[in-house]
Amino acid sequence: MEEIHRRCGVYTRREVVIRLLDSIGWKADANLAEARLLEPATGDGMFIGEATSRLLKSLSRGKRRPNKKQLIDRIVAFEIHPVEARRARKRVREVLKSCGMKPADAATIARSWVRTTDFLLAEIAEESFSHVAGNPPYARWSKIPPKLRSQYEVRLPQAVARGDLFLPFLDLSIGYLRKGGRLGFVCSDRWRYMAFADGFRTTRLPEVVIEKETPVEADTAYQRWVDAYPSLLVMRKRQRAGKRKSALRPSRRMTLVEAGYRVRVGPALGCTRAFVLDPEDDRVEPELTLLWLDASEVGEGEIRWSGRQVIAMNAPDGKLRDLGNFPLAKARLERFRLELEKRSIVRAGATWYRPIDRIRASDWSRPKLLIPELAKIPRVAPDTSGAIPSHGVYAIFAPNNDLEALLARLANGGLARLSILRPRDLSTRSLVALSRLS
C-alpha cells in the first residue's frame, strides 16, 4: 500500500478542483436535491471538501439546514491509504461543523462518505451517481505491486486491466454514472491514442460525449511536480448509450503499437531558450550538442532544419552529466540559472540544469516519421538525421526502420482520415487517426 501511495499520491490544486466541479454542474447555485457524487480516489480530500460545501449551500437554499438523513448517501469517496482517508474525513467534518451541524452527526457523515477501501475492487451499483469527479491515480501497470495487480486482473474487465492504472478508474467511473450525468477528471490524455486503451475506446467511449478536454500544465494541476501531461476532461453520459462493440471482434484493426511501431513525443526541456542554441549563439562543447527542430521545421514530406541545436545534458547511460566538466556549457546555462531554478522539478529537488525529460542521441537516432501535434493541415515528414524533435512533435519509429512501409500504410487510409479532423482536434486526436492501420 505504501508503495502504490508513493507512486500515486499526487494531489490536485484547489483552483483545478473548482474548475472541474463547475464544469460538471456540482455548484452551490445548482439544484442538487437528487444528486449523488462519486470520487474514486479522494487523497487528502480536496475534491470532497469543496463538494461538501457546495452541496450544503445548494440544499440550504430553501432556508432549511440539511440534516444527517438528507446527506448520508449523497457523496461516496474511496481512499486506499488509511492516513489520507482520515485527512479527507477530517476535512469533511470541518466543513459540516462550520455550517452548524452537530459534531457527532458530522463524524457519522464523514465516516459514511469516505471509505478506506480500493475503488477498483469495491461493489458499486451501475449508473448510481449523477456526478463523478476527481484525480485518478497514475501508475504503469508493470509498477503496480504484483499481488494487487493479480487481484485487478481477476476482477477488472480485460480491456482495461493493462497499460496504466488510471484507465480502469476512468472506465468504471463511466459505468457508475447515470445517463445524462457528468464526469470531470484531471487525467492523462494517453487513453486517446495508446494501444493499451484500444479496448476502452472501442467498448466504453461510445457511452459518453466529451464536452471538454483542456490540456493543462502539471504545475497548474498538481500540488507537487510530476512528469505528466494532464488534461481537464469532462464527459457526459449519453441518454441513449452508443452501441458497444466487442473488443474481441476479428475485424478490429491493429494499432501501430500492436504492429511493432513505437510512438513518442519530443522531450520537454523546461526552458527552451536555455537549452536550444540558435545558429549564431555561443558554441558549447560539441559532444553535448544534437540537432534540434520544432513543428515549424516539419514540412510536408521534408524537414527544413534551421540550424538550431540542443544541449544534451544526459550521458549515453541516461545519467545527468557533471556540468563542471563542460565550462562552455556551464557558462551558457549560468546565464539562465534564475529561470532554470524557478522550475518545479528543481524546487522538487532536481539539479538546476536538468531538462525535464532526458535527452540522449540514442533515443532518437533511428529513422522516424515526424508529425506536428497542432497543425491546420496535417504534415508528416521522414527524418534520418537523428534530430531531437521539440515537445510539440510526435515521432513514429518503424520496425526494422522501414519508413516506406509505414508511409504506404498511412497513405492507404490513415493520413486521409487525419485530414478531415478539425484544426482544434489535431492534438491527441491526430494520433488516434494515425494509430489505425488499413
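Remember, it's a predicted structure, so these values are computed and weren't measured experimentally.
A salt bridge is defined here as a Lys NZ or Arg NE, NH1 or NH2 lying under 4.0 Å from an Asp or Glu carboxylate O, and E84 with R87 meets this definition. Between R91 and E94, no side-chain nitrogen of the basic residue sits less than 4.0 Å from a carboxylate oxygen of the acidic one, so the salt-bridge criterion is not met.
The shortest non-hydrogen separation linking D171 to P157 is OD2-CG, 4.2 Å. Across all their heavy atoms, V17 and E50 have their closest contact at CG1-CB, 3.9 Å. Between P389 and K368, the shortest heavy-atom contact is CD-CE, 4.4 Å. Of all the heavy atoms in L21 and A133, the pair that sits closest is CD2-CB, 3.9 Å. The heavy-atom pair separating T384 from P367 by the smallest distance is CG2-CB, 4.1 Å. Between Q309 and T289 the shortest heavy-atom distance is NE2-OG1, 3.8 Å.
Under the 3.5 Å distance criterion, the side-chain polar atoms of D278 are left unmatched by any main-chain donor or acceptor of E280. Remark: the backbone N or O of L38 is not paired with any side-chain donor or acceptor of Y176 at under 3.5 angstrom. A donor-acceptor contact shorter than 3.5 Å is absent between the side chain of S231 and the backbone of L233. The backbone N or O of A329 lies less than 3.5 Å from no partner atom in the side chain of R332, so there is not a single donor-acceptor pair. Checked by atom type and distance alone, the side chain of S130 never pairs as donor or acceptor with a backbone atom of G181 at under 3.5 Å. Side-chain N or O atoms of R360 include one that pairs as donor or acceptor with a backbone N or O of P316 at under 3.5 Å.
Residues M46 and R14 are in side-chain contact: their nearest non-hydrogen atoms beyond the backbone lie under 4.5 Å apart. Looking only at side-chain heavy atoms (C-beta outward), P355 and I311 stay at 4.5 Å or farther from each other. Within the 4.5 Å cutoff, no side-chain heavy atoms of V346 are placed close to those of L340. Taking the side chain as every heavy atom from C-beta outward, Y353 and R321 never approach each other to under 4.5 Å. At least one side-chain heavy atom of F326 sits less than 4.5 Å from a side-chain heavy atom of E287. Contact annotation: the side chain of V284 never approaches that of L333 to less than 4.5 Å [non-hydrogen atoms, C-beta and beyond]. Considering only heavy atoms from C-beta on, R308 comes within 4.5 Å of P279 through its side chain. Considering only heavy atoms from C-beta on, I359 comes within 4.5 Å of L269 through its side chain.
Between W191 and F200, the angle of the ring planes goes over 60°, which puts this pair in the perpendicular group of the 30/60° scheme. Aromatic ring orientation, F397 versus W364: tilted (interplanar angle from 30° to 60°).
Evaluation of the side chain to side chain donor-acceptor pair (under 3.5 Å) rule for R236 yields E211 as partners, not counting sequence neighbours. Scored by the side chain to side chain donor-acceptor pair (under 3.5 Å) test, N135 finds T12 as partners (sequence neighbours excluded).
From W352, atom CH2 reaches atom CD of E341 across 7.0 Å, with rounding to the nearest 0.5 Å. Distance check, rounded to the nearest 0.5 Å: CD1 of I388 to CG of D357 gives 11.5 Å. In this structure, CZ in F129 is found 9.5 Å from OG in S173, a value given to the nearest 0.5 Å. The CD atom of Q158 sits 9.5 Å away from the CD atom of E153 when rounded to the nearest 0.5 Å. Going from atom CH2 of W292 over to atom OG1 of T272 covers 5.5 Å, rounded to the nearest 0.5 Å. Note: K237 NZ to H131 NE2 = 14.0 Å, rounded to the nearest 0.5 Å.
Residues S306 and E297 bring a donor and an acceptor atom of their side chains to less than 3.5 Å of each other.
A salt bridge (Lys or Arg N to Asp or Glu O under 4.0 Å) with E127 is found for one member of R178, R238, K179 and no other, namely K179. With R115 as the partner, the side-chain contact (heavy atoms from CB on, under 4.5 Å) test is satisfied by one option alone out of I80, V76, T42: V76.
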Are D22 and R54 close enough, and set up right, to give a salt bridge (charged side-chain N to carboxylate O under 4.0 Å, His left out), and what steps lead you there? CA-CA 10 Å; D22 284 348; R54 293 173 176 223; 2.7 Å; yes

What's the verdict on side-chain contact (heavy atoms from CB on, under 4.5 Å) for L120 and R155, showing C-alpha distance, side-chain angles and the deciding distance? CA-CA 8 Å; L120 297 183; R155 183 70 173 271; over 6 Å; no

Could you walk me through whether Y394 and L369 pass the side-chain contact (heavy atoms from CB on, under 4.5 Å) check? CA-CA 8 Å; Y394 287 100; L369 290 185; over 6 Å; no

Please report the C-alpha distance between Y152 and L121 in whole Å, then the side-chain angles of each, then the deciding distance to 0.1 Å, and finally whether the side-chain contact (heavy atoms from CB on, under 4.5 Å) criterion is met. CA-CA 7 Å; Y152 289 159; L121 302 176; 3.8 Å; yes

Show the numbers, then the answer: is there a side-chain contact (heavy atoms from CB on, under 4.5 Å) between M235 and L177? CA-CA 10 Å; M235 294 176 165; L177 197 61; 5.9 Å; no

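Open room surrounds CZ on R19; 12 or fewer heavy atoms of other groups in view lie less than 6.0 Å from it. Atom CZ of R283 has more than 12 neighbouring heavy atoms from other residues, nucleotides or ligands inside a 6.0 Å radius. Counting heavy atoms of neighbouring residues, nucleotides and ligands inside a 6.0 Å radius, atom CZ of R140 does not exceed 12 of them.
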